[in-house]
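These numbers were taken from a predicted model, which means no experiment stands behind them. We name chains A, B, ... by the order of the sequence lines, and we start the count at 1 in each one.
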Amino acid sequence: MTRETAAGAPVSIAARARAAVAPPPAAYLEGLNPEQRRAVEATDGPVLVLAGAGTGKTRVLTTRIAHLIATGRARPFDILAVTFTNKAAREMKERIGALIGPAGEGMPWLGTFHAIGTKILRRHAELVGLRSDFTILGTDDQLRLLKQVIAAADIDEKRWPARGLAHAIDGWKNRGLAPEQVPAGEAAAFGFGKGGPLYAAYQDRLKSLNAVDFGDLLLLCLRLWRENPDLLGSYQDRFRYILVDEYQDTNVAQYLWLRLLAQGHRNVACVGDDDQSIYGWRGAEVDNILRFEHDFPGAVVVRLERNYRSTGHILAAASTLIAHNEGRLGKTLRTEAVAGEPVTVTGAWDSEEEARLLSEAIEGLQAKGHPLAEIAVLVRISAQMREVEDRFVQLGLPYRVVGGPRFYERAEVRDALAYLRVTANPADDLAFERIFNTPKRGLGDATLQALHGLSRRAGVPLLQSARMLVETEELKPRARSTLRALGQSFARWAKLLEDQPHTEVAQTILEESGYTEMWQKERTADAAGRLENLKELVRSMEEFPDLGGFLEHIALVMDANDAEGGDRVSLMTLHAAKGLEFDTVFLPGWEHGLFPNQRALDESGRAGLEEERRLAHVGLTRARKRAKISFAVNRRIHGMWSSTVPSRFIDELPEASVAVIEAPAGYAQGPSRFDRQAPPFGSSYATPGWQRAQAATAGQQDSYGRGAPAAARRGPRQIDGTLVAKSTGAAAAFEAGARIFHTKFGPGLVTAVDGNKLTVDFDKAGRKMVLDSFVQPA
DNA sequence: AGCAGGTAATTTTTT
DNA sequence: ATTACCTGCT
């Protein structure tokens with residue numbers, strides 16, 4: 001048995017002796033290939049496992065944990081194992097359970113970054129000025145709070161939308177920046193230089209509400225540890241072994257979080273694939289993986305390159321494609337599987353024909369006995385789904401859309417939760433505000449203003465000021481009685497909670513508040529589904545002992561119960577497909593502008609192109625036996641038909657593994673039909689978007705070349721760029737009198753500038769208000 | 001307060 | 001084409 005013991009990472013003598021005396025039978029090690037086995041057995045010291053698609057990444061992770069436990073190196077609670085999604089965490093739990101039985105079930109520190117952050121934060125909440133029962137705010141609560149903060153600062157919310165501020169704050173939090181750490185220039189980019197104070201004010205409001213947002217779950221841990229070295233030491237000590245899944249997706253905050261913890265025993269194993277990094281746009285830092293060896297000197301690097309999923313042709317296509325990327329560590333996927341069917345490329349006249357061909361191909365497979373559950377259609381953007389769905393519905397082909405809005409983010413679920421939150425915690429102002437006029441009960445802005453005023457003066461929560469306000473003459477009689485009834489209802493429901501099961505109380509609340517009725521009356525197509533969701537919500541409460549327990553965990557753990565069984569085709573975005581695999585994968589919409597996506601190119605230049613290419617690589621490697629790429633020569637973009645050019649990615653596939661399929665339809669005009677329909681590939685690079693992408697790339701290379709400060713060079717660069725372009729840059733770039741070019745309206749003259757909104761006299765379209773992000777200097 | 005009609009925007013999404 | 005948001009009217 002090999003044992004790498006890095007200097008400075010002592011393994012307890014007892015553990016070592018025990019492992020030496022009684023080598024485990026290690027049935028779980030059987031069937032691992034040599035690299036996988038190395039990744040499992042290199043237990044001590046830093047390890048980076050570069051696991052290409054389909055190389056048994058999860059197996060290595062779970063076996064590694066089993067190995068640590070079975071050899072006595074660690075007990076389940078000594079191991080910290082972090083994932084990004086609850087789904088991944090659940091899967092890992094299950095697989096560990098299967099490997100080593102119930103011993104693995106007690107892994108208290110296996111979970112998402114945020115779940116573990118929450119757990120730690122609840123234990124020491126008072127050290128960062130919170131109570132341990134703090135609320136975790138979702139995106140919509142965050143937005144509502146930000147609106148208040150912006151209004152309180154006397155800033156026009158129309159000029160500086162809360163969304164923009166939310167985006168900026170998320171970006172800062174992703175980079176581990178507390179308000180006082182945000183670079184002055186960036187903080188000034190929002191709201192006439194008030195970005196910094198607004199961020200600080202937002203944090204103050206959160207604190208006074210005893211609430212945190214998702215970013216805080218990590219950020220506050222960092223603060224906790226920095227301000228309390230003893231505490232940090234105890235956690236460093238506690239986590240003898242650390243494992244990280246999907247390391248390429250970590251952002252700076254998560255990286256700092258990990259690095260602090262890993263400095264204890266230094267037994268940190270990160271598993272990831274730089275070629276599958278597709279979340280750069282939300283703060284993920286490929287650099288984290290690229291620089292692992294630098295951060296953890298002496299790290300063992302294991303490459304898993306044996307692919308057990310796909311056939312030779314599919315793998316060749318994916319590998320050749322991804323080899324066009326420059327910023328990668330480099331892996332060569334190999335397989336012993338047969339070459340199989342070549343990857344097909346099909347051109348269609350338009351997107352409708354593309355959907356038709358695709359559906360027919362699926363029906364063909366179905367006729368030959370292929371299960372639909374083994375077929376997936378992966379699209380670049382959600383908007384592509386509609387056309388495919390339409391076709392499926394027409395044909396009666398069963399399908400399921402994977403992803404989409406999460407269960408707990410649906411409006412009806414948030415509303416219902418808001419009722420429950422106010423009942424459980426009458427001081428939850430954000431929840432109260434959400435439902436105080438839902439269903440419509442004739443309470444509006446005027447009433448809300450009065451409530452807010454009183455709340456502020458008296459220093460009490462909204463619900464309490466409502467009860468006070470109805471005793472005065474301030475409100476009109478109608479609002480007064482409505483509000484009184486609402487206050488009484490919440491008091492009654494809270495009382496019910498004392499002696500009735502919480503699920504029943506929830507049911508009562510939804511009925512008595514008129515919320516259920518509101519949806520029953522609504523005769524839209526999805527009303528029934530919403531009622532179903534409400535039922536599901538109540539049902540899911542049963543697993544929790546009480547309402548408090550339910551609410552505490554809901555924001556973090558609740559998932560869509562997409563247990564819809566049955567044999568169905570899966571339809572999803574490429575992003576949603578990561579980690580999944582199917583026998584047959586359809587990849588429609590490989591057209592320049594759509595995929596690679598124009599916006600990604602515009603915003604991030606070559607880095608954007610490379611991320612798009614990784615996305616293509618992820619798409620291809622989802623397929624076990626068949627990958628079917630297609631594109632349309634004409635597509636409706638924003639309701640307008642325009643002709644399109646096949647994606648450059650198609651040209652980057654290896655000839656030997658690709659078969660070009662002629663559409664059997666009546667449009668067939670010869671072997672190179674789509675070559676003639678579409679302009680030659682070269683010409684697409686003359687588009688304004690491509691030129692902008694080129695320019696952006698050149699700019700980036702310059703900043704690399706000149707050796708800009710590290711902070712400016714890495715991923716934040718992208719965030720910087722966006723902020724500057726959208727705000728400071730805008731004010732400077734577009735002044736009244738400037739000639740500009742708008743994406744939709746063409747050339748025009750700027751007559752007024754209002755934050756990120758411009759008033760423009762267009763040559764053709766007349767005077768319009770437009771957002772600066774749709775405008776280029778002419 | 002609440003609806004109707006007009007106008008502009010439209011990538012990817014977890015926690 | 002569809003949606004989300006804003007404005008102006010009842």
Round to a whole Å and report the spacing from [atom1] of [X] to [atom2] of [N].
X: A/Glu246; N: B/dT15; atom1: CD; atom2: C1'; answer: 15 Å
X: A/Leu448; N: B/dG2; atom1: CG; atom2: P; answer: 13 Å
X: A/Arg163; N: B/dA8; atom1: CZ; atom2: P; answer: 20 Å
X: A/Leu220; N: B/dT15; atom1: CG; atom2: C1'; answer: 15 Å
X: A/Leu143; N: C/dA4; atom1: CG; atom2: P; answer: 14 Å

Just to verify, what does A/Glu474 make a side-chain hydrogen bond (donor to acceptor under 3.5 Å, both in side chains) with, not counting sequence neighbours?
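side-chain hydrogen bond (donor to acceptor under 3.5 Å, both in side chains) list for A/Glu474, sorted by chain: empty.
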Partners passing side-chain hydrogen bond (donor to acceptor under 3.5 Å, both in side chains) against A/Glu246 (at least two apart in sequence or in another chain):
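Per chain and number, A/Glu246 pairs via side-chain hydrogen bond (donor to acceptor under 3.5 Å, both in side chains) with A/Lys57, A/Gln248.
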If you find the nucleotide of DNA chain B closest to A/Gly442 and the one closest to A/Phe113, which residue's nucleotide is nearer the 5' end?
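Looking at the nearest nucleotide for each, A/Gly442 comes out on the 5' side.
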Rounded P spacing from B/dT13 to C/dA4 in Å
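About 16 Å, rounded to a whole number of Å.
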Taking the P atom in each of B/dT12 and C/dC5, what is the distance between them to the nearest angstrom?
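Here B/dT12 and C/dC5 have their P atoms 16 Å from each other.
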Check every atom of B/dT15, C/dT2, B/dA1 against the side chain of A/Thr447 and return the nucleotide holding the closest atom.
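That would be B/dA1.
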Show the distances under 3.5 angstrom between N or O atoms of the protein and N or O atoms of nucleotides 11-14 of chain B.
{"unit_1": "B/dT11", "atom_1": "OP1", "unit_2": "A/Arg599", "atom_2": "NH1", "d": "3.3"}
{"unit_1": "B/dT11", "atom_1": "OP2", "unit_2": "A/Arg599", "atom_2": "NH1", "d": "2.3"}
{"unit_1": "B/dT11", "atom_1": "O2", "unit_2": "A/Arg380", "atom_2": "NH1", "d": "3.2"}
{"unit_1": "B/dT11", "atom_1": "O2", "unit_2": "A/Arg380", "atom_2": "NH2", "d": "2.4"}
{"unit_1": "B/dT11", "atom_1": "O4", "unit_2": "A/Glu603", "atom_2": "OE1", "d": "3.2"}
{"unit_1": "B/dT12", "atom_1": "OP1", "unit_2": "A/Ser382", "atom_2": "N", "d": "2.7"}
{"unit_1": "B/dT12", "atom_1": "OP1", "unit_2": "A/Ser382", "atom_2": "OG", "d": "2.5"}
{"unit_1": "B/dT12", "atom_1": "O4'", "unit_2": "A/Arg380", "atom_2": "NH1", "d": "3.1"}
{"unit_1": "B/dT12", "atom_1": "O2", "unit_2": "A/Trp281", "atom_2": "NE1", "d": "3.2"}
{"unit_1": "B/dT12", "atom_1": "O2", "unit_2": "A/Arg380", "atom_2": "NH2", "d": "3.2"}
{"unit_1": "B/dT13", "atom_1": "OP1", "unit_2": "A/Thr573", "atom_2": "OG1", "d": "2.5"}
{"unit_1": "B/dT14", "atom_1": "OP1", "unit_2": "A/Arg406", "atom_2": "NE", "d": "3.3"}
{"unit_1": "B/dT14", "atom_1": "OP1", "unit_2": "A/Arg406", "atom_2": "NH1", "d": "2.7"}
{"unit_1": "B/dT14", "atom_1": "OP1", "unit_2": "A/Arg406", "atom_2": "NH2", "d": "2.7"}
{"unit_1": "B/dT14", "atom_1": "OP2", "unit_2": "A/Arg406", "atom_2": "NE", "d": "2.9"}
{"unit_1": "B/dT14", "atom_1": "OP2", "unit_2": "A/Arg406", "atom_2": "NH2", "d": "2.1"}
{"unit_1": "B/dT14", "atom_1": "O4'", "unit_2": "A/Arg282", "atom_2": "NH1", "d": "3.4"}

Kindly check if the number of other-residue, nucleotide or ligand heavy atoms within 6.0 Å of CD (A/Glu389) is above 12?
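Enclosed.
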Do the ring centers of A/Trp281 and A/Tyr279 come within less than 6.0 Å of each other?
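Here the rings of A/Tyr279 and A/Trp281 have centres that are less than 6.0 Å from each other.
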Distance-minimising heavy-atom pair for A/Ser351 and A/Ala632:
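The pair with the smallest heavy-atom distance is N-CB, 3.5 Å.
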Stepwise side-chain contact (heavy atoms from CB on, under 4.5 Å) check, A/Phe544 with A/Leu551
CA-CA 9 Å; A/Phe544 294 85; A/Leu551 291 174; over 6 Å; no
Below the 4.0 Å mark, does B/dG2 have OP1 or OP2 next to a side-chain nitrogen or oxygen of A/Asn437?
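True: A/Asn437 side-chain N/O within range (under 4.0 Å) of B/dG2 OP1/OP2.
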